[in-house]
Amino acid sequence: MTDESTPADTTPKRPRGGGGRRRKPRPKHRKVLVGTAWAAASVVVIGGAGLGYAYFKLNGNIKGVDINAALGTDRPLDVDNGSQDILVLGSDSRSGDNAKYGKDEGAARSDTAMIVHVYKGHKKASIVSIPRDTLISRPECKSVDGKTTDPGGQRQMFNTAYEVGGPACAVKTVEQMSGIRMDHYLEVDFTGFKKLIDTLGGVELTTKKPIKDEKSHLDLDAGKHTLDGEQALGLVRTRHGVGDGSDLGRIQLQQAFIKALLNQVKDVGVFSNPKKLFDLADDATSAITTDSDLNDVKSLASFANGLKGIGAGDMKMVTLPVEYDPADRNRVLPLEKAGREVWDALKADKPIPKSATDKSAGDKGGVGSVVSSD
């Protein structure tokens, strides 16, 4: 959770380039791979191809942002314990093909935010979802074009960090909240996510209750479904169709969808269907924006290869410990002590203790109360 009183660690940091700790390239003896990258509050399949047209096509799809250059040395210490920490955002820009999902107000915001902690050995992971409506102390950030500076301030909604300063401000905000340096950044937009699910052939999921939300174009009866891209996008975006209409209910759906997708991906059989593999890789690389250490096929493939052994049962998924803001029930406030338990556990590469989320409004009811991936 976000400890708003905790400043960013200003201890001198050792410099790190693209080949810094935890990013050692892994030898590959095949020209294809499937890994996982979490985004839009979901897990996205990343495919990589080897040589020729496929390589250059996919390489040209990937968009990168140089987070290291934007933030400089004013970051938490890069602790070399073999783990990885990844900030994953789903952008809610309404420009271009995303315009059908709402009015374009001139800036995108982080509709979904997750910190993915991959433990040493890359066999297990913890995912911490941050409600977009969380009121935090946002640090000073430069605008995306670098021409202006926003001073930040108290009681700022978490998702405004991306709106104000793009990926670099989002990363800076998370690092100030957690005291943990983010090794990587991944972002997926609405349209790319939807196309990817359609290419995958949909995702099987059971709803225990009807979920209807006109704003997210979702209308599901209780029962088993194979969600197409439009329905999957509606599910991970809906906030009015479940619970109290806040972001907390939506996060539960996002976490359930991740598990359903992971359970299905391992049985897709893409290795026996080269065209499907390439189509998935094409969709995935077109949909994502990464930090500059991952913005080529070779680096992205190596990164994904290190995550492919982590299945749905190997993940601990929680919501940042929060409570409703007494002044505005549409906002939530971090539970400082519980949040510090979460961040301290991840920093030490240890499991998140159950006590950290026992009193959080974010995990009331549990993921299984709405949907099931079985």
Are the side chain of [X] and the backbone N or O of [Y] linked by a donor-acceptor pair below 3.5 Å?
X: Thr238; Y: Asp213; answer: no
X: Gln84; Y: His117; answer: no
X: Ser143; Y: Thr148; answer: yes
X: Ser302; Y: Lys298; answer: no
X: His122; Y: Leu307; answer: no
X: Tyr185; Y: Ile67; answer: no
X: Lys359; Y: Ala338; answer: no
X: Lys337; Y: Ala356; answer: no

NZ/NE/NH1/NH2 to OD/OE distance under 4.0 Å, [X] and [Y]:
X: Asp325; Y: Arg155; value: yes
X: Arg138; Y: Asp150; value: yes
X: Arg181; Y: Glu175; value: no

Decide yes or no for [X] and [Y]: does some side-chain heavy atom of the first lie under 4.5 Å from some side-chain heavy atom of the second?
X: Gln255; Y: Ser129; value: yes
X: Ile180; Y: Pro76; value: no
X: Leu300; Y: Ile62; value: yes
X: Val174; Y: Met182; value: yes
X: Leu346; Y: Val128; value: yes
X: Met114; Y: Gln254; value: yes

Determine whether the side chains of [X] and [Y] contain a donor N or O and an acceptor N or O closer than 3.5 Å.
X: Thr199; Y: Asp279; value: no
X: Glu341; Y: Ser355; value: yes
X: His184; Y: Thr290; value: no
X: Asp296; Y: Ser299; value: yes
X: Thr173; Y: Tyr162; value: no

Practice item. Tell me, with the steps shown, if Phe56 and Val297 meet side chain to side chain contact (heavy atoms under 4.5 Å, CB included). Key: CA-CA 9 Å; Phe56 290 106; Val297 169; over 6 Å; no
Practice item. For the pair Lys212 and Asp221, evaluate salt bridge (Lys or Arg N to Asp or Glu O under 4.0 Å) and give the outcome as yes or no after the intermediate values. Key: CA-CA 8 Å; Lys212 302 183 189 296; Asp221 294 327; 3.4 Å; yes
Check your understanding: When you look at Asp282 and Asn61, which way does the side chain to side chain donor-acceptor pair (under 3.5 Å) test go after all the steps?
Key -> CA-CA 8 Å; Asp282 191 24; Asn61 288 344; 2.7 Å; yes
Exercise for review: Check the pair Glu204, Lys224 against salt bridge (Lys or Arg N to Asp or Glu O under 4.0 Å), reporting the backbone distance first and the verdict last.
Suggested key: CA-CA 7 Å; Glu204 295 179 0; Lys224 292 184 177 181; over 6 Å; no
**Study point:** Within 45° cone of Phe158 ring axis and under 6.0 Å: Arg132 NZ or CZ
**Key:** no
**Study point:** Thr206 vs His225, side chain to side chain donor-acceptor pair (under 3.5 Å): CA-CA, chis, key distance, verdict
**Key:** CA-CA 6 Å; Thr206 299; His225 305 274; over 6 Å; no
Check your understanding: More than 12 foreign heavy atoms under 6.0 Å from NZ of Lys350: is that the case here?
Key ->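 Counting neighbours around NZ of Lys350, 12 or fewer heavy atoms of other residues, nucleotides or ligands fall under 6.0 Å, so no.
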Review point. When the ring planes of Phe257 and Phe193 are compared, do they come out parallel, tilted or perpendicular, using 30° and 60° as the limits?
Key: tilted
Review point. Checking side chain to side chain contact (heavy atoms under 4.5 Å, CB included) for the pair Thr289/Val65: CA distance, chi angles, key distance, verdict?
Key: CA-CA 7 Å; Thr289 298; Val65 178; 3.6 Å; yes
Practice item. Run the numbers on Met317 and Ile258 for side chain to side chain contact (heavy atoms under 4.5 Å, CB included), then give the verdict. Key: CA-CA 10 Å; Met317 306 179 78; Ile258 288 174; 3.6 Å; yes
Exercise for review: Take Val171 and Leu71, measure what side chain to side chain contact (heavy atoms under 4.5 Å, CB included) needs, and give me the verdict at the end.
Suggested key: CA-CA 9 Å; Val171 171; Leu71 298 185; 3.8 Å; yes
Review point. What residue among Gln176, Gln154, Met157, Met177 forms side-chain contact (heavy atoms from CB on, under 4.5 Å) with Ile136?
Key: Met177
